[in-house]
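The structure presented is a predicted model; accordingly, all values stated were derived computationally and were not measured. Reminder, nothing fancy here: chain letters follow the sequence lines and each chain counts from 1. Just the heavy atoms: all of them, side chains too, but no hydrogens, waters or symmetry mates, feed the values below.
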Amino acid sequence: MGFQVSQSGDVTLVEVEGQLIVGNRQELKQKVLEHLEEGDRKFVIDFSNTGYIDSSGLGVLVSLSKKIREQSGELRLSSLNEDLKTLFELTKLDTLFRIADDKAQALDGF
Amino acid sequence: MDKDLILELPTDLQSIEDAVDYVVARCDACERAASRLRFNFRVGLTEALSNAMLYGNGHDPSKRVMVEVRINKVMVTARVTDQGVGFDPALVPDPTTPDHLSDVGGRGLFLMKKLLDEVSFNDRGNSVTLVLRLDGDGVLEGGAQA
């Protein structure tokens, strides 16, 4: 379980390896904020290898999205499985985030 | 035949995922509801444990969380009890309203109610009981009326 961070042009790609839950949300937040402080403004968080996200995980995504927007940046999400898509729809967070089917779509035109 | 599990956890957020995995792995009667167990129950139990540790026990490492699980052919029931003073779940606002949609927190109870078939609290508000019925396998077939 962890987070793989890479660059694709000027986009910072964070791949979540495993669940995003209360036990590891701070690690994700710290990694993204470090890149934001270094000047990165475009972020994609990819969930290809994630089975579930809890409310703390959703909360950290909301928090990061706010902080990135405050710096005139953008956070996109990608590769949600069907369960996760339903989770975002239930909580109406699908209205707050730009959600792409996969990494390529998220990076396209960013 | 009912299978009972009792776990006593420290107030340690790092223990949650392993505890949830342990419970789910012991539900060998759950094939019919595999996807609901994998997603709905996992998320619901994770929420109950994190609420107990973060808000109930207030991060106090000297306090414990008790988890009592009963598994049979009909349902999985999990009761999570913390050592806090309790709270009134009726006072928790709907996180999907425009006023709260951008809130960082406040979705845990909402998700429990949406993902489990039954969610109930004791009078004190420091013990929550979650029920997942095993008679269907469509994700989100549940939806507790709490």
Go through the atoms of B:Ile16 and report whether side chain, backbone, both or neither lie under 4.5 Å from a heavy atom of chain A.
side chain
Residues, nucleotides or ligands: over 12 heavy atoms within 6.0 Å of B:Asp4 CG
yes
More than 12 heavy atoms of other groups within 6.0 Å of B:Lys63 NZ:
yes
Does A:Phe110 CZ have over 12 foreign heavy atoms under 6.0 Å away?
yes
Side-chain heavy atoms of A:Asn24 within contact of B:Glu17, under 4.5 Å
no
Point-to-point distance, once rounded to the nearest 0.5 Å, from CG of B:Leu101 to NZ of A:Lys92
8.0 Å
Euclidean distance, B:Ser50 OG relative to A:Arg25 CZ, rounded to 0.5 Å:
8.0 Å
Could you see if B:Val131 belongs to whatever hydrophobic cluster contains B:Val74? Use Ile, Leu, Val, Met, Phe, Trp, Tyr and a side-chain cutoff under 4.5 Å.
yes
Identify which part of B:Asp103 has an atom lying under 4.5 Å from any heavy atom of chain A, answering side chain, backbone, both or neither.
backbone
With a cut-off of 6.0 Å (strictly less than), are more than 12 heavy atoms of other residues, nucleotides or ligands near CZ of A:Arg41?
yes
State plainly whether one hydrophobic cluster holds both A:Phe88 and B:Leu115, where clusters connect Ile, Leu, Val, Met, Phe, Trp and Tyr through side-chain heavy atoms under 4.5 angstrom apart.
yes
Let me see the working for B:Phe39 and A:Thr86 under side chain to side chain contact (heavy atoms under 4.5 Å, CB included), right down to the final yes or no.
CA-CA 11 Å; B:Phe39 188 77; A:Thr86 305; 5.9 Å; no
Measure the OG1-CG distance between B:Thr96 and A:Leu90 for me, rounded to the nearest 0.5 Å.
9.5 Å
Among the clusters formed by ILVMFWY side chains lying less than 4.5 Å apart, do A:Leu64 and A:Val62 turn up in the same one?
yes
Which residue is it: A:Leu87, A:Asp54, A:Ile53? I am looking for the one with a side-chain contact (heavy atoms from CB on, under 4.5 Å) to B:Leu111.
A:Leu87
Start with the C-alpha distance between A:Lys66 and B:Val104, add both sets of side-chain angles, then the distance that settles side chain to side chain contact (heavy atoms under 4.5 Å, CB included), and finish with yes or no.
CA-CA 10 Å; A:Lys66 284 181 181 176; B:Val104 172; 4.3 Å; yes
B:Leu54 versus chain A, the contacting section by heavy-atom distance below 4.5 Å:
side chain
Under the side chain to side chain contact (heavy atoms under 4.5 Å, CB included) criterion, do B:Arg107 and A:Leu93 qualify, and how do the steps go?
CA-CA 11 Å; B:Arg107 296 181 182 84; A:Leu93 290 179; 3.5 Å; yes
Under a single-linkage definition using a 4.5 Å side-chain heavy-atom cutoff for Ile, Leu, Val, Met, Phe, Trp and Tyr, are A:Val16 and A:Ile99 assigned to the same hydrophobic cluster?
yes
What part of A:Ser65 lies closer than 4.5 angstrom to a heavy atom of chain B: side chain, backbone, both or neither?
neither
B:Arg42 CZ to A:Asp83 CG distance, which is reported to the nearest 0.5 Å:
11.5 Å
Donor-acceptor pair, side chain of B:Lys114 and main chain of A:Thr91, under 3.5 angstrom:
no
Using the rule that two of Ile, Leu, Val, Met, Phe, Trp, Tyr join whenever any of their side-chain heavy atoms come within less than 4.5 Å, decide whether B:Leu5 and B:Leu130 are in one cluster.
yes
